[in-house]
Amino acid sequence: MTPDDAALPHALFGRGAELAAIGAFLERPGESGGVLTVHGELGSGKSALLREVRRTAGARGRTVVALRGYRSEAGLPGAGLTQLLPVAACGPDARSAAAEALRRHTRAGRPLLVVLDDAQWFDGPSLDALLMVCRETAGTALLMAGRPLPRGDARHASGPVPDLVLGPLAGTDAERLLRRHGPDVPPLLADRVLRETEGNPAGLVSVTGLLASAAPPAAEALLAPRLPLGDALHTRVTSLLAGVPESVRDVLLLAAVADTAQPELLREAARAVDPAGRALDAAEDRGLLLTESATVRFGHPLLRSAVYWEASRARRRRAHLALAGLDGPGAYRRALHRALASTAPDEATARELEDSVPEDLPEAAAVHELAADLSPRSADRARGLVRAAWAAQVRDQTGEVRRLVARITALSAGRCPETAAAVAALGSPGPAGGPVLPWPPFPPPAAGPARGGPSAPRASDARPPDPRTDRHPALLSALCWTDRTAHADRGRALLASAGAALARGRFPLEPLRDAALVSVATALDDPLAAERLGGAVLDSLTGPGYFGTARAVLAHRQLAWLHLGDREGVLRDGDTGERWSRAADDPHAAAVFRCGVAQVRAWEGAEEGHTALTDGILAFALPRGLPLLASRARWARGSMALAHGRPEDAYEELRMLSDPGGDARHPVVAAWALGDLVAAAVASRRGDAVRDRVRWAAEVNRSLRSAALEHLLARSLALLGEGDAPEEHFIRALAVPGAGALRYERARTRLAFGEWLRRRRRVLEARDQLQRARDAFASAGAAVWVRRADSELLAAGDATAADPLRGAAGLGLTPREAEVARLAAQGLSNQGIGWQLGLTHRTVASHLSRVFAKAGVTSRKQLPAVLGR
């Protein structure tokens, strides 16, 4: 879209310059008439442009007359003017009749705009009369749009020269149009639509609408040289083939199937149906094929699709067979042509196709499924379908994974040990919305070459890989999440090697394999490694289209941002991840990304909508037995309750993460939430109830050696301690090596330390900790904690802290009394106020009694009115 687009009140993408030119034409002085001609190929958006001009011209006081040319009337002299006159008019009478008809439409003081669409089908005499009248009649303008006349048409050379030519949409504008009509089209398909339609607006809208409204395209459509256009647009584009002989159509079909820009290869293929080569020349003469600079292309970007899908299956098979015998297309294309031409199972063709499919092919899953269907033996079909499901999973085609796993399990061979293991790794073929693993714990044993014959491995050879080697980080990832302590050393060694490789610019070497290291980093509480490795892996995964694995990596990177206290990173990856999840029809993954957003909202203290958000996550997770998801939702709810001074509510949510009978028990998330659990327990006088949880976490960390968990343990011990012992724990928490990156949790520790120092009247030391906490909360967007730090700074005598209740100054309240009054007016209980301000409920009651006396009220219900004056 041009810079002018943003300033214009229209809904068209990329047509700002054209609308500006038309606007300038219409604003010319009206002493004489005028004509402006717009040309554009079929589907370029001429009609949409004219509709927008008619709308704006009418809104600005012009009288608009709309006309259209019809193909069936193109050869009938005077037919076009019947849209203005009761009968056809030709010859000298046509001009005067047209002028009289337009005068009847003219209203006093209002200029007239005649808009003619599909001008190429407006008969010649009518068009000549209309042009003459509009050029000679003051205040009358003609805006006409049409396609360039085809070669050979008698009017081709004498047609009007266009003033504006609508070209294809630029890349950014084409993508925006696609997203408007298909916001959830998967990225792989979206890239293909953009590539195939070449910026043609009608093609973009029609193909995108077809993909957005129907089930995922079948393998036949995905392996075709072009996606189907949809019935209405297909009919319009095939009209370009009207009158084309069958021999020429056969050559066009070969060109469509060949999907090549090499003229010599196309001519070699065309000899199979046209030995003399005349049909290919005829296609070029008609402008259906264009040869330029040693390349060949279709005359219209959508014509290849129309030619392919207009042909019968038998004709398409013959075309594929003709191309399968050529050397030019390469091994994979030859194998694919042979497979698409097959009408019966063929093991040799299946193996050839399986062996030649490129690893980074976006349609790899469909190719593997085609190869599987060509296998005569059910065992080989099952193995081929496993490959297809694996290829679909790494490309984020979740619906295809479910469908393919269901096919595998329906085969008797699906019960053999190696295929059953692969199915378990890929996930359950349950109902839509059922969990599919972010990535399998290890590549399915049947994913390698396993076809029948002397070279095929035995089932006993398909053993899980050894996690003690560096070659299988995916399996190590699964083991780390199962038992972090037992596999921490091996995991940290792999992370150290990956970090060194990243520093040398040699990571990732194998993106699909190395992606699992990001999961290892998350399991071992190393958010810096997860963020750095995740960013590098994502760049290598999205290029070749491995969006399934990329989505899993993105979920782990969002968790890394959460631990690092980066609010913007959490929300940015959450938005991207949820969009990818909707495109993949994977509500499980979407809920994972919403968990991160819920946690950030708890930092902010943004309660509106938070309960509904976490209720939705729990409603999805609990019936399906997804403890990781449920525990993160409860952690977010507990954090929100804690931020708003409801420690009892927070404790009830957070204890579910570790209680044996809790509905969201998860040891990893329980360790992440330890600081919140202890804070809620201490504030609600349940400190003794969580001491065993702290001892459990300390035992875990002896083997895990997590800087994040060590920091939370030290802070927990400080909160549970008595006398002067907490100071040592606070200092140790802030000195933990590697914990400096945990902005939010360190800010919480500094806040708690500052509160402890203030209560011991060490106000100068307290102010230092509290100010650092406030600054960190502000940078993390933790608004509710910023307010609490401000309150503590006021209580510590910091005159630079903002007065939380300027309206109370006339009542003679102290800063602490003003803060207590503000929270009481919001409806918090004495205990809730005490948690917010670090006071006992008795001290809160004492402050409130003085507030009531100074304000002249007898209850907290009267405070809002009094404090607002």
Side-chain angles (χ1 to χ4, degrees), residues 11-14 40-48 51 168-169 171 173-241 252-253 256-257 259 298 300-313 315-316 340 361-367 369-370 392 395-404 432 545 547 579-586:
L12 301 181
F13 291 125
E41 63 186 10
L42 188 152
S44 59
K46 302 180 296 298
S47 297
R51 281 196 300 272
L169 293 179
D173 296 315
E175 186 171 359
R176 291 173 65 193
L177 182 62
L178 183 150
R179 287 300 171 199
R180 174 193 283 177
H181 291 273
D184 295 335
V185 170
L188 280 174
L189 280 176
D191 290 344
R192 183 171 176 182
V193 172
L194 291 171
R195 184 175 64 252
E196 292 183 7
T197 56
E198 300 179 25
N200 183 275
L204 277 165
V205 172
S206 182
V207 177
T208 301
L210 192 66
L211 295 175
S213 63
E220 181 184 17
L222 289 173
L223 297 179
R226 287 294 187 271
L227 292 167
L229 299 176
D231 292 343
L233 184 59
H234 176 83
T235 300
R236 291 176 60 198
V237 178
T238 51
S239 68
L240 299 175
L241 300 173
L252 290 174
L253 178 59
V257 172
D259 201 16
F298 277 80
H300 190 282
L302 307 182
L303 188 57
R304 187 189 299 270
S305 174
V307 166
Y308 184 84
W309 293 105
E310 183 251 359
S312 66
R313 287 178 181 270
R315 289 182 60 214
R316 295 202 295 264
L340 291 172
L361 186 73
E363 298 82 23
V367 175
E369 185 176 10
L370 175 61
R395 289 165 178 80
D396 211 11
Q397 297 162 353
T398 310
E400 284 298 280
V401 174
R402 296 190 190 107
R403 184 183 64 80
L404 290 165
F547 283 96
R579 175 162 46 84
W580 285 359
S581 301
R582 288 197 308 270
D585 186 25
D586 191 346

Identify the heavy atoms of [X] and [Y] that sit nearest to each other, and give their distance.
| X | Y | result |
| --- | --- | --- |
| S305 | L229 | OG-CG, 3.4 Å |
| A306 | V237 | CB-CG1, 3.6 Å |
| A256 | F298 | N-CZ, 3.7 Å |
| P228 | W309 | N-NE1, 3.5 Å |

> Any donor and acceptor pair, going by atom type alone, linking the side chain of T208 with main-chain N or O of L204 inside 3.5 Å?
Replying inline: yes
> Is there a donor-acceptor pair closer than 3.5 Å between any side-chain N or O of R179 and the backbone N or O of V185?
Replying inline: yes
Separation between [atom1] of [X] and [atom2] of [Y], rounded to the nearest 0.5 Å:
| X | Y | atom1 | atom2 | value |
| --- | --- | --- | --- | --- |
| T197 | R226 | OG1 | CZ | 9.5 Å |
| E310 | L252 | CD | CG | 9.5 Å |
| R304 | E198 | CZ | CD | 8.5 Å |
| L189 | L222 | CG | CG | 6.0 Å |
| T238 | L303 | OG1 | CG | 9.5 Å |
| L42 | N200 | CG | CG | 7.5 Å |

>> Between R403 and E369 (salt bridge meaning N to carboxylate O under 4.0 Å), is one present in this structure?
In response: yes
> Thinking salt bridges, do R395 and E400 make one under a 4.0 Å N-O criterion?
Replying inline: no
>> Within the supplied structure, the quantity of interest is the number of heavy atoms (other residues, nucleotides, ligands) at a distance under 6.0 Å from E175 CD; does it exceed 12?
In response: no
Is there side-chain contact between [X] and [Y], with heavy atoms separated by less than 4.5 Å?
| X | Y | value |
| --- | --- | --- |
| R582 | P183 | no |
| L227 | E196 | yes |
| F13 | R176 | yes |
| L340 | L370 | yes |
| F547 | Q397 | no |

